[in-house]
Amino acid sequence: MSIISKDISKAAALLSNEELVAIPTETVYGLAGNIYSEKAIKAIFETKQRPFFNPLIVHIPSVDYLDQIVASIPEKAQLLADAFWPGPITLVLKKKSTIPDLITAGKDTVAVRIPNHPTTLELLNQLDFPLAAPSANPFNRISPTKAEHVEDYFRDQIQMVLDGGPCKKGIESTIIGFENDDPIIYRLGSTPLEAIEAVVGKIEIKNSTALGIESQKKMAPSAPGMLERHYAPKTKTVLTDNLQKSIAQYQGKRIGILLYNDVLNDDGIDFKIVLTQGRNLNEAASKLYDALHQLDKQDLDIIIAERLPDYGLGKSINDRLDRATKP
Ligand code: AMP
Ligand code: MG
């Protein structure tokens with residue numbers, strides 16, 4: 001029997017009973033539990049096989065709730081919250097002492113956001129606690145953007161996936177931390193860099209893929225969201241600027257292609273997915289993970305992904321593809 005259901009009250013009842021429920025958001029599906037239940041939070045880490053040093057994002061229903069989670073709000077954090085919430089921006093702020101260490105991996109900061117999905121906002125409004133909700137995939141695997149993706153991963157481990165349809169944004173939230181009250185991008189994501197800079201001015205990126213390998217290793221324990229390999233298919237995947245050359249290199253193998261634009265003849269290719277017909281980066285982002293899920297099911301020897309233009313959501317998509325292709 002399917003664990004996928006649209007019953008919000010049932011999801012609320014399970015969560016109130018310290019169980020886990022997968023929830024829809026505009027970015028990806030989350031594996032949710034009550035932030036104040038040690039049982040639920042431990043179950044999130046166990047189910048995902050996520051290391052305990054990797055902290056969780058707290059999901060709240062409205063800005064009024066923020067005071068219960070964080071100790072202080074820098075001016076530019078407030079500007080970002082006003083501009084983008086509900087929406088795919090996560091703010092990392094000084095935590096209140098009431099936020100459990102399990103959520104924050106012992107750090108004195110907590111990641112928080114208001115998701116922009118009617119089903120999950122309705123659910124959060126029915127609950128009297130916020131939800132911790134990392135992406136609903138096993139650690140290091142492709143994030144889920146459809147209820148079916150979650151069911152494929154966790155049908156034997158959780159009781160319910162709350163169905164909210166396919167995720168409209170399709171890649172994770174942009175994570176922003178603060179150093180001396182100045183915003184810094186910790187993870188590129190569904191809110192484009194340029195939109196953020198329009199609100200707070202030029203912003204530094206401390207995303208691991210923008211850094212050298214040594215800084216990544218140093219940072220990994222303190223800011224694990226930047227783990228180098230992540231979001232990865234099981235099939236070997238490469239990212240290329242030169243499709244023809246990469247295809248020639250793997251001649252004779254079973255090749256799958258992930259294209260931004262359809263400009264290729266199909267010779268020597270076993271399976272092909274085109275992310276967008278009209279150079280639409282929003283569409284490409286929303287289709288990215290489903291495309292990787294599909295490619296991963298085709299029993300290919302190699303997935304060759306075409307690098308996207310390096311602006312707007314293209315930058316965020318390239319970040320995910322970079323991490324999916326790390327050996
Ligand atoms: P996920 O929910 O799977 O998208 O992952 C959430 C990411 O948020 C983690 O991998 C962390 O890097 C990031 N994060 C959560 N809390 C913090 C924090 N206190 N400081 C820095 N990064 C955080
Ligand atoms: Mg994740």
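Hydrogens, waters and symmetry mates play no part in the numbers below; they use all other heavy atoms, side chains included. First listed ligand is number 1; within each ligand, the first listed atom is number 1.
Below 4.0 Å from some heavy atom of Ile175 lie the following atoms of ligand 1, by number and element: 7 (C), 8 (O), 13 (C). Residue contact check: Val92 has heavy atoms under 4.0 Å from atoms 18 (C), 19 (N), 20 (N) of ligand 1. Listed by number with element, the atoms of ligand 1 under 4.0 Å from a non-hydrogen atom of Thr109 are 18 (C), 19 (N), 20 (N). Near Lys107, the atoms of ligand 1 lying under 4.0 angstrom from a non-hydrogen atom of the residue are 18 (C), 19 (N), 20 (N), 21 (C). Counting atoms of ligand 1 from 1 in the listed order, those under 4.0 Å from a heavy atom of Asn54 are 9 (C), 10 (O), 11 (C).
Screening Arg141, Lys297, Lys146 for a salt bridge (charged side-chain N to carboxylate O under 4.0 Å, His left out) with Asp152, the sole residue that qualifies is Lys297. Thr174 pairs with exactly one of Thr27, Thr90, Thr191 by the side chain to side chain contact (heavy atoms under 4.5 Å, CB included) rule, that one being Thr191.
When the options Lys48, Lys94, Arg50 are ranked by their closest heavy atom to atom 5 (O) of ligand 1, first place goes to Arg50.
Put simply, the side chain of Lys48 reaches to within 4.5 Å of the side chain of Pro134, judged on heavy atoms.
A distance of 10.5 Å separates NZ in Lys95 from CD1 in Ile69, rounded to the nearest 0.5 Å.
For Ser135, the nearest N, O or S atom to the Mg ion (ligand 2) falls under 2.8 Å.
Not one N or O of Glu172 is nearer than 3.5 Å to an N or O of ligand 1, by distance alone. Of the N or O atoms in Tyr186, none lie within a sub-3.5 Å distance of an N or O in ligand 1. Note: an N/O pair closer than 3.5 Å links Ser135 and ligand 1 by distance alone.
Considering every non-hydrogen atom in both Pro144 and Ser135, the closest pair reads CD-CB, 4.5 Å. For Pro61 against Leu124, the heavy-atom pair with the smallest separation is CB-CB, 3.7 Å.
Within the 4.0 Å heavy-atom cutoff, Thr104 does not count among the residues contacting ligand 1. Heavy atoms of Arg187 approach ligand 1 to within less than 4.0 angstrom.
If you check the side chains of Thr240 and Asn242, you find no donor sitting under 3.5 Å from an acceptor.
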Evaluate ring-ring contact (aromatic ring centres under 6.0 Å, His included) for Phe129 paired with Tyr36, printing each intermediate quantity in order. CA-CA 7 Å; Phe129 49 84; Tyr36 300 116; 7.8 Å; no
